[in-house]
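Data first, discussion second: the structure below is written as structure tokens.
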Amino acid sequence: MHKLKIVALVVGAVVVVALVTVGVKLFVSSNQVAQQQKQLQPFYDVANPIPAGQPGNLIKFEPIAGLAISGANAFRVLYGSQDPDGTARVTSGMVFIPTAAAPAAGRPVVAWAHPTTGLGPQCAPSRSGKELADMDWLQGMLDKGWIVTATDYSGLGTPGTSLYLVGQAEARDVINSVRAVGTLPNSHAGSRYAVWGHSQGGHAALFVGEVSATYAPELTLVGVAAAAPAAELASLFSQQWKLPVSWIIGSQVMVSWPAVNPALTAAQVASPAGQANYQKVAMDCIQKAGLIGAIRVKLGQKMFEQDPTTQPDWAAMIAVQTPKPLPPAVPVFIAQSTSDGVVLANSIALLQDKWCKAGSALSIDWLGPLAGGANGPIVTHGLEATVSGPAATAWMQDRFNSLPAPNTCDVPPPPLP
């Protein structure tokens, strides 16, 4: 017993030292971030009431200097969008426009939907200081003469609650980024576009496929591409509600989902520690939130008190926010690693089973492990868009060229659903 007590004290001391070390680093970083955000804030200031205009109206734009791209100009933009109930919102983002001459029919557009970043304004890609994070494939698309839009999503960097994993809101933000770039002077944007997303952005991309024809009939969606999309939400929640990732995902949905469904409360599913801390953790960017989540789990703290799929109101919301199989007219490409520790491979196997039975034109590129070591599954998740970017680009090129879409429904997935 004496030895066990000594071991417990040593472990406790190590955790305390880790907390202090992380705290000091985060305090220094937070001061730097605050100064950066103060300098950027004037661009993101929005008039109250929100400027009148149709969804996708361009409100303001400014060049972004110093990015590692060639043959293209980058702009920070504000544009009009909507909540699912039609309430007007202002959304920020970026657009990248090639400098070469545009084709007569206008430039093809790829609408990028980014992965989970955290809900604080400093986490919005356009104001993060890391504008090209997760976009290693960007130069290849610009070299093809494509415009790339990159929404931040409403409320992430702009006023209002960010509607994380609310597909109906994410899809509108993505589509309205395409509308907005069409009115940017000298963009020469065409009306044909593809959507490409990773993780949360994959969730957004699949919802774009669901609503595009009715929400933006003036635009033509040629295809939906996604890397490790957060799609089968019930499967993911039920397998991960006790794990560190639940502090990241759980905190953000506890902020966003009650904003569109007042029947939901954190108290229905969150632990006491979760209820006390979810709002703060949700506003942290993903690296900090991930560290905090890992430490809290080490200390025996849970985000959820129960599997949220077992609580009726939360289960109903999970079902509403799970994308439905897309019709054959909207071809879909998905890249997924078998060792992903965030969007689990068996959830995409489940999607393949459901969507193929429904007749979707689905092509899945199954990838092996992308990183080793204890953190390999987490690192793998962060690499899936980078690794699959060239394949997704080639697939989108074929869709822009109106070639028949491949279908891998006859190929069994490596994991079981």
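Using a 3.5 Å distance cut-off with no hydrogens or angles, the side chains of Ser81 and Asp173 do pair a donor with an acceptor. Judged purely by distance below 3.5 Å, without hydrogens or angles, the side chains of Gln122 and Arg127 never pair a donor atom with an acceptor atom. Side-chain N/O atoms of Tyr215 and Glu210 include no donor and acceptor closer than 3.5 Å. Donor-acceptor pairing under 3.5 Å is recorded for the side chains of Gln268 and Trp314. Counted by atom type alone, Asp134 and His198 present one or more donor-acceptor pairs between their side chains at under 3.5 Å. Under the 3.5 Å distance criterion, with hydrogens and angles disregarded, a donor-acceptor pair is assigned to the side chains of Tyr79 and Thr151. Tyr153 and Ser92 form no side-chain donor-acceptor contact under 3.5 Å, judged by distance and modelled atom types alone. Side-chain contact check for Thr380 and Asp340: no donor-acceptor pair (N or O, by modelled atom type) lies under 3.5 Å. Inspection of the Gln306 and Thr310 side chains reveals an N or O donor paired with an N or O acceptor under 3.5 Å. A donor-acceptor pair shorter than 3.5 Å can be found between the side chains of Gln239 and Asn346. In the model, Thr91 has a side-chain atom that pairs as donor or acceptor with a side-chain atom of Ser154 under 3.5 Å.
Annotation: cation-pi pair Arg296/Trp247 present, NZ/CZ under 6.0 Å from the ring centroid and within 45° of its normal. For the pair Lys60 and Phe43, the distance from NZ or CZ to the six-membered ring centre is under 6.0 Å and the angle to the ring normal is within 45 degrees. Cation-pi check for Arg76 over Phe96 is not met; the charged atom does not lie both under 6.0 angstrom from the ring centroid and within 45 degrees of its normal.
Taking the six-membered ring for Trp, Phe333 and Trp196 have ring centres at least 6.0 Å apart.
Checking side-chain atoms of Trp146 against main-chain N and O of Asp143 turns up no donor-acceptor pair under 3.5 Å. Under a 3.5 Å cut-off, the side chain of Arg107 and the backbone N or O of Pro98 do form a donor-acceptor pair. Checked by atom type and distance alone, the side chain of Asp83 never pairs as donor or acceptor with a backbone atom of Gly86 at under 3.5 Å. Under the 3.5 Å distance criterion, the side-chain polar atoms of Gln275 are matched with a main-chain donor or acceptor of Ala270. Counting only distance, with no hydrogens or angles, the side chain of Ser388 and the backbone of Ala335 share no donor-acceptor pair below 3.5 Å. The main-chain N or O of Leu236 is never found under 3.5 Å from a side-chain atom of Ser347 such that the two would form a donor-acceptor pair. The backbone N or O of Leu326 sits less than 3.5 Å from a side-chain atom of Ser360, completing a donor-acceptor pair. No donor-acceptor pair under 3.5 Å is formed between the side chain of Glu232 and the backbone N or O of Pro323. Looking only at distances, no side-chain donor or acceptor of Asn261 sits under 3.5 Å from a matching main-chain atom of Trp257.
Of all non-hydrogen atoms in Ala194 and Met396, the two that sit nearest each other are CB-SD, 3.7 Å. In terms of heavy atoms, Tyr278 sits closest to Ser251 at O-CB, 3.5 Å.
When each of Leu165, Asp313, Thr309 is checked for a side-chain contact (heavy atoms from CB on, under 4.5 Å) with Ile318, only Thr309 meets the rule.
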Item to check | Intermediate values then yes/no, side chain to side chain donor-acceptor pair (under 3.5 Å), Asp307 and Ser238 | outcome: CA-CA 6 Å; Asp307 178 349; Ser238 65; 4.8 Å; no
With a 3.5 Å cut-off and sequence neighbours excluded, list the donor-acceptor pairs that the side chains of residues 200-209 form with protein atoms.
residue, atom, partner, partner atom, Å
Gln200, NE2, Glu170, OE2, 3.1
His203, ND1, Glu170, OE1, 2.7
His203, NE2, Gln321, O, 2.7

